[in-house]
There are 2 protein chains.
Amino acid sequence: MTEQSVSQGARRGRARRGEGERLREELLAAAATLLREGGEPALKVRAVAAKVGVSTPAVYLHFRDKADLIDAVCLRAFAGLEREMLDAATGSDDPFQALRLRAAAYAHFALNHAVEYQLLMAPRSGQARSDLAGDAAQALLDHLVAAVQPCVDAGVMRGDVRELTLGIWAAMHGCVTLMLSRPELPWGRDPAAFAEHVGRMSGLGTALLSRIEGVSETPPSSKTFARVLDAAGRKLGST
Amino acid sequence: MTEQSVSQGARRGRARRGEGERLREELLAAAATLLREGGEPALKVRAVAAKVGVSTPAVYLHFRDKADLIDAVCLRAFAGLEREMLDAATGSDDPFQALRLRAAAYAHFALNHAVEYQLLMAPRSGQARSDLAGDAAQALLDHLVAAVQPCVDAGVMRGDVRELTLGIWAAMHGCVTLMLSRPELPWGRDPAAFAEHVGRMSGLGTALLSRIEGVSETPPSSKTFARVLDAAGRKLGST
DNA sequence: TGTACATCAGTGAACGCGCGTTCACTGATGTAC
DNA sequence: TGTACATCAGTGAACGCGCGTTCACTGATGTAC
């Protein structure tokens, strides 16, 4: 009764001799589904096994422990993110435009793989962080750097690429994180559109800031900002 | 043996007749300390009681349950954040500058109250979210709106204030969140300085983007951006 | 072509522990008379 | 001014359950001879 209340999967047949790996795939898929449906706390070893239609200890045939299972799920999710970002790049040959597309792909992925994204980005509560997540973050940064570098080369931005990238990344990350954790805030009808807005905002801000950082000791007044930005806006709009 | 291994607080004397509230304060302080030292998983009812030097059930004399205790801790932290942001405002009468100062105060608070901040901003894992956190987020947004509104009034930004604010907030939130969860990334020597960088970046980006959004159908090329931004940067630097 | 044997792919039941929470009690402190 | 009584501020011990993990077993599938 107690155990059955979790179970959803039909009794599945046992795999043939060399096909043990099949169960591993099914477990991963079930775990991902559980995460999507109920968030991290829904990912219980018992639940994963039940969803596949297999006994609980069978999970340990393919994963050392629960953390190992979670790692595997994250690894898959991350591979998906990498693929989407690479695909997004092959749309435009204009560097700034390409950056925008990648940022949009990033947001798209995060919003559609909420829990995996959070699992990858936020340290696993209470556990010693597996270095998997750290590696993923580093790889992600490298990806983004590869998108920002052409902007620097094209003269849209100046300065240290990693620093520029981190700022843009932070903005995108904050946007999707806040959207996921506080959906009740006024994001408008289309979350993806808002994320794109933030992507453009951070790109433009980074480009402009990289030109004036450290130039003048006392920052310009609001009036000056308004005047100069008005001119810039007009020029950008009229082209 | 098992229970004692947690205990740190000396045996404290029992409060006088009307002074029962004293324990409540001590429990809150102990909980905050535990959070700071060991993160959310370190916040155990037993540990809080032991730290104060009181038996575990004594906690339930002042808090309905664990969630109630956490709520109270968050409420305090949030009050601190509100105070710091208000204080930060009283430094400059230039709207854009004031916004920068508030953003810096925001980052400062988040970096120094990491766990409380995350507790407030991220939904409590697995639990039905108490509306406290939701209310706090709303209040925070209102605070930030109050800082952005003068920028709109002064003509530095245009458009819907809440939308502008959300973008800037998202950037700041992402910055501190990423710093807290991935300290190994190359943030430079001074995290607060980087957070300020992101604050300026988002402010500038928002201001510029609010002038060109929806203006031209096809976005300008990287070359155009570079040229226009160069001119704007020169003008801002020479004032 | 049959038969013993290794091994693969699992299962049922239970262990064990961390941790929030409750129960029944206790000793000190003030108050009514 | 003493004494019975209410109540406040706690305590010690245990309950109970969720959940990861392990133990000892089992039946099907292929392989050696």
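Each chain gets a letter, A, B and so on, in the order its sequence line appears, and its residues count up from 1. Just so it is clear, the values below take in all heavy atoms, side chains as well, and ignore hydrogens, waters and symmetry mates.
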Pair [X] + [Y]: basic N to acidic O under 4.0 Å:
X: B/R182; Y: B/E184; value: yes
X: A/K51; Y: A/E37; value: yes
X: A/R36; Y: A/E116; value: yes
X: A/D71; Y: A/R76; value: no

* To do: Assess the pair A/F109 and A/H113: is the distance between their ring centroids shorter than 6.0 Å?
  =>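 Yes.
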Please state how far atom [atom1] in [X] lies from atom [atom2] in [N], giving the value in whole angstrom units.
X: B/Y60; N: D/dG12; atom1: OH; atom2: C1'; value: 16 Å
X: A/D65; N: D/dG20; atom1: CG; atom2: P; value: 11 Å
X: A/L43; N: D/dG20; atom1: CG; atom2: P; value: 8 Å
X: B/R22; N: D/dA9; atom1: CZ; atom2: P; value: 11 Å
X: A/R14; N: C/dG10; atom1: CZ; atom2: P; value: 6 Å
X: A/L69; N: D/dC19; atom1: CG; atom2: P; value: 15 Å
X: A/I70; N: D/dT21; atom1: CD1; atom2: C1'; value: 15 Å
X: B/F63; N: D/dG10; atom1: CZ; atom2: C1'; value: 15 Å

Compare the minimum distances between each of [options] and the side chain of [X], then state the nucleotide with the smallest one.
X: B/P57; options: D/dT21, D/dC19, D/dT11; value: D/dT11
X: B/L61; options: C/dT21, D/dG20, D/dG10; value: D/dG10
X: B/A15; options: D/dT21, D/dA9, C/dT11; value: D/dA9
X: B/T56; options: C/dG10, C/dT21, D/dT21; value: C/dT21

* To do: Output the distance between atom CD (A/E196) and atom CZ (A/R100), rounded to the nearest 0.5 Å.
  =>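 Rounded to the nearest 0.5 Å, the CD-CZ separation comes out at 6.0 Å.
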* To do: For the residue pair B/Y117 and B/H173, categorise the inter-ring angle as parallel (less than 30°), tilted (30 to 60°) or perpendicular (more than 60°).
  =>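 Because their plane-to-plane angle lies in the 30° to 60° range, the rings of B/Y117 and B/H173 count as tilted.
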* Asked: Has the side chain of A/R46 got a donor or acceptor atom sitting under 3.5 Å from an opposite partner on the base of D/dG20?
  ->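 For A/R46, whose side chain was compared with the base of D/dG20, there is a donor-acceptor pair (under 3.5 Å).
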* Asked: Mapping A/K44 and A/R64 to their closest nucleotides on DNA chain D, which lands nearer the 5' end?
  ->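 With A/K44 and A/R64 compared, the 5'-side residue is A/K44.
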* **Pairing string, 5' to 3', for DNA chain D - Watson-Crick or wobble contacts under 3.5 Å, brackets [ ] where pairs cross, | to another strand** => .||||||||||||||||||||||||||||||||
